[in-house]
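What you see below is based on every heavy atom in this structure, not just the backbone, and it leaves out hydrogens, waters and symmetry mates. We count residues from 1, following the sequence as given. Predicted model, so just to flag it, every value in this text is computed and none were measured.
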Amino acid sequence: MQYQDPALTILAHGGDDEPLAPLRAGTLFRLELDPWLAVALLAVAIAYLYAVWRLERRGDRWPALRTVSFVVAGLGGIASVTLTGIGTYDTTLLSVHMVQHMVLSMIAPIFLALGAPVTLALRTLPHGPRRVLLSVVHSRVAKIWTYPLFAYGLFVVTPFALYFTGLYELTMRNTLVHELVHLHFIGVGCLFFWPLLGIDPLPGRWPYPGRALLMFLSTPFHTVLGLTVMQSTTLLGGDWYPSLRLGWADPFTDQRLAGGILWAGGEVVSVTMLGVLVVQWMRHAEREARRLDRRLDREEMMATAPGVGVAQPAGAAAPGAVPVTGGAVPTGNSPEAATGAGERDGGGYDPLGSRDTQGASSR
């Protein structure tokens with residue numbers, strides 16, 4: 001049987017009329033550059049680092065952990081499964097494709113979310129582009145797409161729709177569809193994890209108990225999907241894998257391995273992220289408790305201050321007060337007025353906003 005698909009020919013015969021080499025650990029991590037994808041990832045990394053440099057240059061601080069999360073773990077994770085041997089063998093072995101699937105749809109989006117790129121953009125963009133970005137973030141479309149239940153539905157349904165329909169075989173035979181599926185994996189992963197774990201100001205963000213519940217509900221679906229793939233008597237992708245005629249790989253054995261990777265990998269990531277959410281929840285509760293303690297302390301100080309809350313006879317001056325004749329009141333340039341203003345400004349209110357939001361509101 002002859003195959004005219006160029007991609008099938010390359011996968012079946014390798015290069016220079018030689019069979020495709022068996023998969024080895026060194027082969028997986030060998031650099032296989034795709035110029036367009038490499039340039040796109042590099043451009044995003046440069047834009048992020050330039051924004052961080054601008055922020056640091058004007059005296060504001062940006063946590064180094066966010067930069068490492070976005071550039072190294074997020075973008076680097078995408079590059080590690082698309083610009084290496086993993087990207088070369090993702091249409092040859094289903095198990096390799098599952099590793100790529102897990103990184104693109106779960107691991108990389110988590111670290112991209114923890115990098116807070118929207119917050120960084122709001123603190124560094126000029127006024128006009130910042131207003132455009134804010135209008136996009138708070139638009140009706142963004143509210144629908146980032147609504148946790150909607151994103152959860154996409155996250156759960158996408159793998160079943162891909163692997164148990166003819167779409168998966170189409171991705172093997174059509175390069176454009178294959179790359180679009182990669183983008184879809186990343187996009188759906190970001191939509192799901194960004195509202196749950198991210199720091200960026202997204203509309204309709206749920207409280208921590210709701211986020212933890214949604215993450216918990218996402219855990220069993222990996223088990224169901226992985227077991228379904230492992231126990232299936234039909235090969236995913238139709239006759240694609242048998243048609244490659246690779247003597248060193250059995251499609252059914254590889255499919256069982258792929259299901260195990262999806263099952264175990266999904267469980268590990270979901271449980272880990274559930275733990276991260278719980279930690280974030282506890283830290284948020286501690287910050288709220290400290291904020292409440294500070295507010296109560298201020299109220300107690302004001303209540304116990306001399307002359308506060310003590311009834312005075314009509315026309316009587318407060319103890320230690322300077323008598324004012326002729327009905328005059330302290331003017332804006334008087335010491336009394338200056339003292340009052342200082343007390344108001346010293347009450348904990350910062351008119352310029354916090355350092356984390358100042359750049360987005362005033363610059």
Side-chain angles (χ1 to χ4, degrees), residues 40-78 104-152 154-155 183-208 210-211 214-215 273 276-277 280-281 283-284 287 352-363:
L41 292 176
L42 185 61
V44 175
I46 291 174
Y48 188 96
L49 293 174
Y50 175 71
V52 172
W53 175 79
R54 285 194 58 191
L55 205 61
E56 299 283 350
R57 186 185 180 191
R58 75 185 188 199
D60 289 339
R61 188 182 65 85
W62 184 256
L65 188 58
R66 293 185 187 178
T67 303
V68 173
S69 296
F70 188 88
V71 177
V72 179
L75 298 179
I78 296 174
L104 293 180
S105 64
M106 297 189 71
I107 298 176
I110 288 171
F111 288 105
L112 292 177
L114 293 176
V118 177
T119 300
L120 180 62
L122 290 174
R123 295 183 63 183
T124 55
L125 285 174
H127 181 69
R130 186 191 311 141
R131 291 192 62 181
V132 172
L133 178 58
L134 281 173
S135 64
V136 171
V137 168
H138 295 287
S139 65
R140 185 182 300 273
V141 174
K143 291 179 180 179
I144 294 175
W145 281 88
T146 58
Y147 184 65
L149 285 180
F150 180 82
Y152 174 79
L154 283 178
F155 187 73
L183 290 176
H184 181 77
F185 279 156
I186 299 172
V188 170
C190 288
L191 287 176
F192 179 67
F193 287 106
W194 224 291
L196 298 184
L197 301 172
I199 307 165
D200 288 325
L202 298 178
R205 190 186 295 274
W206 281 10
Y208 279 101
R211 299 189 218 176
L214 202 60
M215 182 65 71
M273 289 303 101
V276 171
L277 261 178
Q280 288 184 343
W281 184 3
R283 290 181 176 177
H284 175 74
R287 288 194 299 268
L352 295 179
S354 66
R355 294 184 64 84
D356 196 49
T357 57
Q358 180 178 345
S361 61
S362 63
R363 289 190 175 133

Plane angle bin for Phe192 and Phe155 - parallel if under 30°, tilted between 30 and 60°, otherwise perpendicular: parallel
dist Leu197:CG -> Met273:CE (nearest 0.5 Å) comes out at 6.0 Å
Nearest heavy-atom approach of Lys143 to His138 is CE-O, 3.5 Å
Taking atom CG of Leu49 and atom CZ of Arg54, what is their separation to the nearest 0.5 Å? 14.5 Å
Which atom names give the shortest non-hydrogen contact between Arg123 and Asp60, and what distance separates them? NH2-CB, 3.5 Å
Heavy-atom side-chain proximity of Val188 to Ser105 below 4.5 angstrom: no
When every non-hydrogen atom of Ala121 is compared with those of Leu133, the smallest separation belongs to CB-CD2, 3.7 Å
Nearest 0.5 Å, what's the CG-OH distance between Leu149 and Tyr152? 9.0 Å
What one should report as the nearest heavy-atom pair of Val137 and Ala142 is O-CB, 3.3 Å
Atom CG of Leu120 and atom OG1 of Thr67: how far apart are they, to the nearest 0.5 Å? 7.5 Å
If you define the side chain from C-beta out and look only at heavy atoms, does anything of Ile78 sit under 4.5 Å from Phe185? no
Measure the shortest side-chain to side-chain distance between Pro63 and Arg61 over non-hydrogen atoms and say whether it is less than 4.5 angstrom. yes
Looking only at heavy atoms, what is the nearest atom pair of Gly74 and Ala108, with distance? O-CB, 3.7 Å
Steps toward side-chain contact (heavy atoms from CB on, under 4.5 Å) verdict (Val44, Phe70): CA-CA 10 Å; Val44 175; Phe70 188 88; 3.9 Å; yes
Between Tyr147 and Trp206, is a side-chain contact (heavy atoms from CB on, under 4.5 Å) present by the stated rule, with each step listed? CA-CA 9 Å; Tyr147 184 65; Trp206 281 10; 3.9 Å; yes
Leu75 and Leu112: side-chain contact (heavy atoms from CB on, under 4.5 Å), yes or no, with the steps? CA-CA 7 Å; Leu75 298 179; Leu112 292 177; 4.1 Å; yes
State, with a plain yes or no, whether a side-chain heavy atom of Tyr50 is found less than 4.5 Å away from one of Thr124. no
If you measure from CG on Leu196 to CG on Leu202, what distance do you get to the nearest 0.5 Å? 10.5 Å
Nearest heavy-atom contact between Cys190 and Pro109 is N-CB, 3.6 Å
Got a second to check how far Arg66's CZ is from Tyr48's OH, nearest 0.5 Å? 7.5 Å
